[in-house]
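Here the structure comes first, spelled out in structure tokens, and everything after it is commentary.
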Amino acid sequence: MYLIKVYEKLYNAYGEQNWWPVDKEYHTKNKSDPREEIVIGAVLTQNTNWNNVEKALENLKKINALNFKAIIKMPVNDLEEVIKPSGFYRLKAKRLKNVCKHLYPVDVVERIEREELLKISGVGRETADSILLYAGKRPYFVIDAYTKRLMLRLYKVNGSYEDLRKLFEENLPKDVKLFQEYHALIVKHAKVHCSKKPSCEGCPLANNCQYFLSSGEYLLTSTGI
DNA sequence: CCCCAGGCCGCGC
DNA sequence: GCGCGGCATGGG
């Protein structure tokens with residue numbers, strides 16, 4: 001089944017996800033740039049539940065620091081306390097300051113090369129592509145643990161990050177909004193049905209899924225997927 | 001008590 | 001190039 005058909009099935013099942021920016025009004029009130037919130041969120045959510053990230057974002061908002069300038073200026077110890085709920089807070093405080101510095105002013109995300117982004121300490125492939133796609137509105141497909149698991153189950157495809165990214169980018173129209181929604185839908189789907197312990201009942205992709213169609217033997221041989 | 005979450009880095013091999 | 005330990009909070 002084509003990847004665009006998978007997208008349509010997910011879209012019909014879950015609807016628009018509209019991930020970023022989370023708070024559309026905050027930015028008009030505070031005359032800040034939503035792209036900065038996206039970059040900050042992308043760093044804070046590394047291996048972290050979005051619920052925890054939201055707490056950290058709220059803390060930043062309260063002190064008017066949900067922007068690059070404030071984060072660059074803030075002493076790292078203070079930043080640690082503010083973002084503590086998002087976990088790995090000592091690590092992330094350093095990464096955040098570093099990323100904000102390199103992407104200041106935020107228009108940089110419109111033109112920076114992917115390779116240059118990846119040189120920034122604290123920015124790996126997924127964070128880079130999230131920044132490019134959601135803040136820079138550029139057609140890079142974001143791959144994450146959920147996407148890898150879905151591809152493995154759906155098609156028995158097991159590839160590296162770059163393999164999978166190219167698979168999506170070469171088999172879909174290069175449409176930013178499509179890429180944004182598709183990635184968000186995969187995350188949603190992985191939470192609802194395609195979790196580590198899958199719940200295939202009612203899954204919109206079940207009829208096209210290799211895992212579901214051969215679940216007996218697969219379950220026994222694929223612990224940890 | 002356990003496991004997990006929208007990864008990344010530095011290291012050894 | 002790949003696998004592994006460390007990083008930390010909050011929810012189930």
Side-chain angles (χ1 to χ4, degrees), chain A residues 7 10 14 16-23 34-35 37-60 76-103 109 114-136 140-153 157-166 168 176 178-199 223-225:
Chain A
Y7 170 77
L10 293 176
Y14 305 112
E16 287 260 329
Q17 298 302 300
N18 269 317
W19 260 17
W20 267 325
V22 178
D23 184 354
R35 294 174 297 176
E37 176 196 320
I38 295 170
V39 171
I40 293 163
V43 172
L44 292 182
T45 198
Q46 289 170 358
N47 200 37
T48 300
N49 191 306
W50 184 253
N51 270 332
N52 290 16
V53 177
E54 282 192 316
K55 294 185 205 306
L57 294 177
E58 284 301 318
N59 289 346
L60 285 167
V76 69
N77 295 337
D78 296 350
L79 186 56
E80 287 176 1
E81 291 308 308
V82 176
I83 66 168
K84 193 169 256 183
S86 73
F88 306 117
Y89 59 91
R90 283 193 286 268
L91 203 56
K92 285 179 180 173
K94 268 184 240 155
R95 285 184 185 171
L96 251 191
K97 285 179 80 70
N98 192 36
V99 170
C100 291
K101 217 177 298 171
H102 280 89
L103 298 183
V109 300
R114 185 171 187 267
E115 288 309 310
E116 292 305 310
L117 253 182
L118 288 171
K119 285 180 191 163
I120 302 172
S121 176
V123 177
R125 299 187 219 288
E126 186 184 340
T127 307
D129 292 333
S130 294
I131 290 170
L132 291 168
L133 179 61
Y134 291 98
Y140 289 88
F141 202 91
V142 178
I143 305 298
D144 58 12
Y146 295 146
T147 315
K148 289 182 181 170
R149 188 166 68 212
L150 180 65
M151 289 299 100
L152 191 55
R153 287 189 180 150
V157 166
N158 195 356
S160 69
Y161 186 99
E162 296 300 336
D163 291 338
L164 290 178
R165 183 171 68 83
K166 280 168 196 158
F168 278 89
V176 166
L178 170 69
F179 282 18
Q180 291 178 341
E181 282 299 313
Y182 203 157
H183 172 63
L185 281 166
I186 288 172
V187 172
K188 174 77 172 180
H189 177 62
K191 285 175 177 168
V192 177
H193 285 291
C194 211
S195 39
K196 273 196 183 175
K197 262 177 78 78
S199 50
T223 51
I225 297 181

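Throughout, a chain's letter reflects where its sequence line sits, starting with A, and its residues are numbered from 1.
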Report task. Say whether, by atom type as modelled, one donor and one acceptor occur between the side chain of A/N59 and the main chain of A/I83 under 3.5 angstrom. Result -> no
Report task. Identify whether any heavy atom of A/V142 sits under 4.0 Å from a base atom; if not, whether one sits that close to sugar-phosphate; answer base, sugar-phosphate or nothing. Result -> nothing
Can you name the atoms? Protein N/O to nucleotides 2-7 of chain B N/O, anything below 3.5 Å, with the distance.
unit_1, atom_1, unit_2, atom_2, d
B/dG6, OP1, A/W50, N, 3.2
B/dG6, OP2, A/Y146, OH, 2.2
B/dG7, OP2, A/N47, N, 3.4
B/dG7, O5', A/N47, N, 3.1
B/dG7, O4', A/N47, N, 3.3
B/dG7, O6, A/N47, ND2, 3.3

Requested in this report: Apply salt bridge (Lys or Arg N to Asp or Glu O under 4.0 Å) to A/E81 and A/K84, showing your working.
Outcome: CA-CA 5 Å; A/E81 291 308 308; A/K84 193 169 256 183; 3.4 Å; yes
Query raised in the report: Which whole number of Å gives the distance between the P atom of B/dC3 and that of C/dG5?
Result: 14 Å
Requested in this report: Look at all strands and tell whether A/L118 reaches a base, only sugar-phosphate, or nothing, counting heavy atoms closer than 4.0 Å.
Outcome: nothing
Requested in this report: Check the pair A/L60 / A/E37 against side-chain contact (heavy atoms from CB on, under 4.5 Å), numbers first and verdict last.
Outcome: CA-CA 10 Å; A/L60 285 167; A/E37 176 196 320; over 6 Å; no
**Report entry** Salt-bridge contact A/K55-A/E58 (side-chain N to carboxylate O under 4.0 Å)
**Finding:** no
Query raised in the report: Expressed as a whole number of Å, how far does the P atom of B/dG6 sit from that of C/dG6?
Result: 23 Å
**Report entry** Candidate pair A/Q180 and A/Q17, rule side-chain contact (heavy atoms from CB on, under 4.5 Å), full reasoning
**Finding:** CA-CA 9 Å; A/Q180 291 178 341; A/Q17 298 302 300; over 6 Å; no
Report task. First locate atom CG of A/N52, then atom CG of A/L57, and finally report the distance between them rounded to the nearest 0.5 Å. Result -> 11.0 Å
Report summary line: Within residues 77-85 of chain A, those residues having any heavy atom closer than 4.0 Å to DNA chain C are A/K84, A/P85
Report task. Locate the shortest heavy-atom distance separating A/T45 from A/V53; write the atom from each residue and the value. Result -> CA-CG2, 3.5 Å
Query raised in the report: With A/E16, which residues qualify under salt bridge (Lys or Arg N to Asp or Glu O under 4.0 Å), at least two apart?
Result: A/K177
**Report entry** chain A contact limits on DNA chain C, taken 5' to 3' with a cut-off of 4.0 angstrom to heavy atoms
**Finding:** C/dC7 to C/dG11
Report task. Check ring-ring contact (aromatic ring centres under 6.0 Å, His included) between A/Y7 and all other residues, then give those that pass, not counting sequence neighbours. Result -> A/Y11, A/Y182
Query raised in the report: Residues two or more places apart in sequence or in another chain: which of them pass ring-ring contact (aromatic ring centres under 6.0 Å, His included) with A/Y14?
Result: A/H189
